[in-house]
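Everything numeric here is computed off the predicted structure, so don't read it as measured data.
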Amino acid sequence: MGKAFDWLDEKFHIRAPHKRFLQRRLPAGLSYFYCLGGAAFTSYLILFISGALLSLYYVPSETEAYESILKIQREVHLGWLIRGMHKWSATLLIVFMLCHMLRVFISRAYKAPKELNWIVGCLTLVMVFASGFTGYLLPWDQKSYWATTVGTSMAATIPVAGRHLMYFIRGGMDVGGATLIRFYSFHVLWLPVTMAALLWAHFHMIKRQGIKGGL
Ligand code: HEM
């Protein structure tokens, strides 16, 4: 394993740029509360891997989505486990993110010069909630259909642009096959890519600005 990594490192130079970051000395005064961001990131990785596995069997079509979920749950080897991991890692991600946000707030790490990282964190939170909302429709059962109908109709109450926004989110006037495809695209492509970019910015700023202990 070590030799294989050495061989890769020789080609890509992965070790040197990360060595200083991963092996740096941490400041005094850090506690387990400072692991909450890392716990959120671990949940995000599990979410990503389990989602990638689910996408091998899930079919985003009006006529087949529900059946494909039943197949994952009942026929696919360990499908029920992967689906459960996806659901639970999503729940844990939200719990860890909110706790992490509370730690940052209590230790006043949202203040300058880290204000932009706080804003990036807030945007990540919005992306996570949007991922939860779009993912909820994918089982394509009665509960998800009506939850999406109610949720998207709220957009229409926004003055002036509301109805256009609802039309854009649904991909038409009503929740239907077009909405399912749109939500699937947001759920597996647009939102994860945006989140990956936001997390990259988040970690880059932590690397540049460092963490100050004291909670
Ligand atoms: C998927 C979501 C997130 C991940 C994976 C993540 C990850 C991390 C990690 C690993 C750190 C290093 C220190 C620590 O763990 O406490 C950190 C710091 C920080 N995070 Fe997050 N974070 C997320 C969401 C958020 C949110 C929602 C906010 C605020 C709205 C936020 C604001 C900050 C700030 C301001 C810092 C710097 C704190 C300091 O220097 O003490 N993060 N984040």
Side-chain angles (χ1 to χ4, degrees), residues 14-54 82-138 147-148 151-152 154-155 157-158 165 169 183 185-215:
I14 329 166
R15 199 175 268 145
H18 294 98
K19 204 171 175 183
R20 241 185 57 217
F21 180 55
L22 293 174
Q23 295 182 355
R24 77 197 189 286
R25 285 190 157 273
L26 291 173
L30 294 192
S31 64
Y32 281 111
F33 293 116
Y34 286 78
C35 297
L36 290 163
F41 187 59
T42 309
S43 313
Y44 176 75
L45 290 180
I46 298 172
L47 194 63
F48 188 84
I49 294 165
S50 55
L53 290 174
L54 287 176
I82 303 295
R83 194 172 168 223
M85 283 172 75
H86 197 65
K87 245 180 174 170
W88 277 101
S89 53
T91 308
L92 285 176
L93 173 60
I94 292 174
V95 171
F96 285 137
M97 266 183 96
L98 293 176
C99 293
H100 167 60
M101 207 172 156
L102 194 65
R103 190 291 283 166
V104 172
F105 185 74
I106 291 172
S107 61
R108 296 188 187 156
Y110 56 84
K111 289 186 173 178
K114 295 178 179 170
E115 71 280 19
L116 184 60
N117 218 5
W118 175 263
I119 294 168
V120 167
C122 288
L123 291 175
T124 312
L125 191 67
V126 172
M127 295 300 138
V128 170
F129 285 144
S131 300
F133 184 62
T134 49
Y136 200 78
L137 178 69
L138 302 185
T148 304
T152 50
M154 283 179 194
T157 62
I158 296 172
L165 185 66
I169 297 172
F183 272 41
S185 167
F186 281 130
H187 192 74
V188 306
L189 181 71
W190 293 94
L191 293 168
V193 168
T194 312
M195 253 181 87
L198 288 171
L199 284 180
W200 176 83
H202 201 60
F203 293 148
H204 187 69
M205 277 188 270
I206 294 165
K207 198 170 143 184
R208 292 293 301 268
Q209 297 168 334
I211 307 163
K212 214 167 107 232
L215 178 71

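Heavy-atom neighbours of Phe48 CZ from other residues, nucleotides or ligands within 6.0 Å: at or below the threshold of 12. More than 12 heavy-atom neighbours from other residues, nucleotides or ligands sit within 6.0 angstrom of CZ on Arg24. Residue Arg15 places its CZ atom among more than 12 non-hydrogen atoms of other residues, nucleotides or ligands, all under 6.0 Å distant.
Listed for the Lys212 side chain is no donor-acceptor partner under 3.5 Å among the backbone atoms of Ala109. Proximity of a side-chain donor or acceptor of His187 to a complementary backbone N or O of Gly135 within less than 3.5 Å is detected. One N or O on the side chain of Gln209 and one on the backbone of Pro113 form a donor-acceptor pair closer than 3.5 Å.
Using cut-offs of 30° and 60° for the angle between ring planes, the Phe183 and Phe133 rings count as tilted. The aromatic rings of Phe105 and Trp118 sit tilted relative to each other, their planes meeting at an angle between 30° and 60°.
Leu47 contributes atom CG, which lies 10.5 Å from atom CE of Met85 (distance to the nearest 0.5 angstrom). With rounding to the nearest 0.5 Å, the separation of OH in Tyr44 from CG in Leu199 is 5.5 Å. Interatomic distance, CG of Leu198 versus CG of Leu125, reported as 11.0 Å (0.5 Å rounding).
For the side chain to side chain contact (heavy atoms under 4.5 Å, CB included) test with Thr152, the passing option among Ile169, Leu137, Leu165 is Ile169; the others fail.
Remark: Cys35 pairs with Tyr32 by the side chain to side chain contact (heavy atoms under 4.5 Å, CB included) rule, at least two apart or across chains.
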